[in-house]
Amino acid sequence: MSGVTATVVRLKLSLLRGGLRQSGGRRAAYVASAVVALLFAALQLIGLIALRGHAHVESLAVLAAAVLGLGWAVMPLFFPSGDETLDPTRLVMLPLRPRPLVRALLAASLVGIGPLFTVCLLAGSVAAVARGAGAFAVGAVAVVLALLVCVALARAVAAANVRLLTSRKGRDLAVLSGLVIAVGAQLVNFGVQRLGSSGLAQLDPAADVLQWVPPASAIAAVHAAGDGSYGVAAAQLALAALALVALVAVWTRHLTRLMTSPDGSTLAAADTAARARASGGLARLLPPGRTGTAVERSLRYVWRDPKTKAAWVTSLAIGVIVPVFNAWQGTGSVYFACFAAGMLGIQMYNQFGQDTSAFWMVAMTISSPRDAYVELRARALALLVITLPYATTVTVLTTAILGDWPRLPEALGLSFALLGAMLATGAWTSARFPYSIPQEGHKNVAPGQTGLAWISIFGGMIAAALLCAPVIALTIWLHVSEGGDGWTWLLLPAGTAYGAGLTLLGLRLAAPRTAARLPEILTAVSKG
């Protein structure tokens, strides 16, 4: 190992040790995540070996390698701070040439839980598909090639986007991780159900294509060698090797540009004032006065604040995935569409905590219950601007997939009633149980306030469900009574009116408490 490579590897280990020494909680989190990842890798390894001899196991192995490569490609975009060595701009002041630095960073990338997890999955895939000594020999090369392709892919993506990822706007990309996890979990659930009913043969068409796409082509080469098709195996290994060379070349080019070109932060922004834009069309559509200002502020938080945006993105994704995927699989119901309204209704809880310490500027403008009522009403209106069309769209889409159009009015009525109940309880719990949301890190509750968060969210959700009991009872009564099915369309106006009434009542009850508890609220939300 060259001097530069050894130094960078030691630097990676030092960064890892230094991070673990910061706190006992960080060490515990790292150890726990390592144990979980390695346990999952071991289970996958055992599962793949157990499938050895299955008629379609090669399709599963090829697809697993392709998904693994995709994971390595998107990892730097969603978790840019997960590895300090992903940012080569930290080394610009050192007298290092690009090629030795690329070799050193590639070696340092092989240190960590991710590469070990990858090796376990690749080794299990090789063990599952290899037949004969020649196939195992090809498998040894395939594991190394596939691992290097994955690591080089992650490095090339990070180098190409490092300016973006190290900026504030770029770090907001991490909020999409919630969306990816939500979508990915449902896709995995859907895929497992399909495989359970139809078997691994469902993967053959995708595997036929992906066997020529690195790094999956390396695993496909093992299966080809086991069948005696050494020419095909050599071609698939060559594809993986060419992909590695191309990725290293792209990485080197971007690294050279990063190490030699000036950063945009060092250039004068003479035309900043010229590019400044006034408020867009949204401000002109809002009512004048405090209401319009508060609505615009709330919507800007949704778009600009990373924590608020993360919560909204996750809620929007899960709210549509659960009803639509269940309907798509034929196991859902139009009533599942209420999940969309419920997920976005949660955003009404802890309204003042979302402002963090900036709430003091809002608190200075509240001197009476009337001021508090207008503020809460504006926040509820901002939420309704997004939630009403969203809940309606999800309900119509779910109904269309199921083809159960007669139940559309009652599903919409229940959704609107649930939304109104959550707005009402959210306004009240925001004043009664406020808590702080830390701006740094991934925690959504400040230390010592977990109990408040549980009471606010889950207590409010239980209360909202109880408040919806009259509409639910009316729905059941219309369905069980003779001739009642012809009157279920009344649930749409009834549910809408009931939800609107609950919202107004909740805002009226929460306003005096908000005005009276401003000092306590300000203290609670500023702890983070």
Side-chain angles (χ1 to χ4, degrees), residues 168 171-172 175 178 290-291 293-315 343-384 386-387 422-461 463-464 503 506-528:
R168 178 180 177 183
R171 286 193 294 270
D172 287 353
V175 305
R290 183 189 185 110
T291 299
T293 303
V295 170
E296 186 177 7
R297 180 198 338 118
S298 297
L299 293 177
R300 286 185 183 275
Y301 278 167
V302 173
W303 182 250
R304 294 182 177 181
D305 180 63
K307 285 292 181 72
T308 306
K309 185 188 295 185
W312 273 90
V313 167
T314 304
S315 296
M343 286 301 300
L344 293 194
I346 294 176
Q347 304 306 317
M348 188 64 186
Y349 294 90
N350 196 36
Q351 275 292 308
F352 308 127
Q354 297 175 15
D355 295 2
T356 63
S357 58
F359 178 66
W360 72 270
M361 293 186 291
V362 178
M364 292 179 63
T365 65
I366 298 176
S367 58
S368 66
R370 174 63 184 174
D371 293 335
Y373 173 76
V374 175
E375 177 69 27
L376 288 170
R377 184 184 63 186
R379 292 173 183 250
L381 180 60
L383 192 143
L384 288 172
I386 301 174
T387 305
M422 298 194 75
L423 291 177
T425 55
W428 192 86
T429 58
S430 293
R432 183 62 183 84
F433 303 108
Y435 58 90
S436 178
I437 301 177
Q439 290 299 290
E440 301 296 332
H442 298 284
K443 293 182 178 181
N444 291 319
V445 184
Q449 294 185 329
T450 306
L452 287 173
W454 278 86
I455 294 174
S456 174
I457 297 176
F458 290 98
M461 291 171 63
T503 300
L507 296 176
R508 290 289 183 185
L509 294 176
R513 183 173 292 272
T514 301
R517 299 189 73 248
L518 278 178
E520 293 87 345
I521 295 173
L522 184 58
T523 301
V525 302
S526 301
K527 286 185 177 180

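As the structure is a computational prediction, the values presented were derived from the model and not from experiment.
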Atom pair [atom1]/[atom2] of [X] and [Y] - distance to nearest 0.5 Å:
X	Y	atom1	atom2	value
Met361	Asp355	CE	CG	8.5 Å
Thr293	Glu375	OG1	CD	9.5 Å
Gln354	Ser298	CD	OG	8.0 Å
Leu522	Met364	CG	CE	10.5 Å
Arg377	Arg508	CZ	CZ	8.0 Å
Leu509	Thr425	CG	OG1	12.0 Å

Handout entry: 4.5 Å side-chain heavy-atom contact, Ile457 and Tyr435
Key =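 In short, these two side chains touch, coming nearer than 4.5 Å.
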Problem - Minimum side-chain heavy-atom gap Trp303-Thr308 below 4.5 Å - result: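 A side-chain contact under 4.5 Å is absent here.
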Closest heavy-atom pair and its distance - [X], [Y]:
X	Y	value
Ser436	Ala524	CB-O, 3.3 Å
Gln351	Ser430	N-OG, 3.0 Å
Tyr301	Ala358	OH-CB, 4.2 Å
Ser315	Met343	OG-O, 3.5 Å
Pro369	Ala511	O-CB, 3.5 Å
Leu507	Ala427	CD2-CB, 3.8 Å

Practice task
Apply side chain to side chain contact (heavy atoms under 4.5 Å, CB included) to the pair Arg379 and Arg297, showing each step before the final yes or no.
Solution key: CA-CA 9 Å; Arg379 292 173 183 250; Arg297 180 198 338 118; 3.3 Å; yes
Exercise for the section: Output, in order, the C-alpha distance, side-chain angles, deciding distance and verdict of side chain to side chain contact (heavy atoms under 4.5 Å, CB included) for Arg290 and Thr365. Expected result: CA-CA 10 Å; Arg290 183 189 185 110; Thr365 65; 2.9 Å; yes
Exercise for the section: Start with the C-alpha gap between Leu299 and Ile386, add the side-chain angles, then the distance that decides, and say whether side chain to side chain contact (heavy atoms under 4.5 Å, CB included) holds. Expected result: CA-CA 9 Å; Leu299 293 177; Ile386 301 174; 4.1 Å; yes
Problem - Whether Lys309 side chain and Val302 backbone form a donor-acceptor pair below 3.5 Å - result: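 No; zero donor-acceptor contacts below 3.5 Å.
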Practice task
Step by step, work out the side chain to side chain contact (heavy atoms under 4.5 Å, CB included) result for Asn350 and Phe433.
Solution key: CA-CA 7 Å; Asn350 196 36; Phe433 303 108; over 6 Å; no
Practice task
Scan side-chain atoms only and decide if Tyr373 and Thr514 contain a donor-acceptor pair under the 3.5 Å cut-off.
Solution key: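 Note: Tyr373 and Thr514 side chains miss the donor-acceptor criterion.
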Handout entry: Set of ring pair (Phe, Tyr, Trp, His ring centres under 6.0 Å) partners for Phe359, sequence neighbours left out
Key =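 Result, ring pair (Phe, Tyr, Trp, His ring centres under 6.0 Å) vs Phe359: Phe352.
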Handout entry: Passing candidate, side chain to side chain contact (heavy atoms under 4.5 Å, CB included) with Met348, options Leu423, Thr503, Leu384, Thr387
Key =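 Of all the options given, the one that passes is Leu423.
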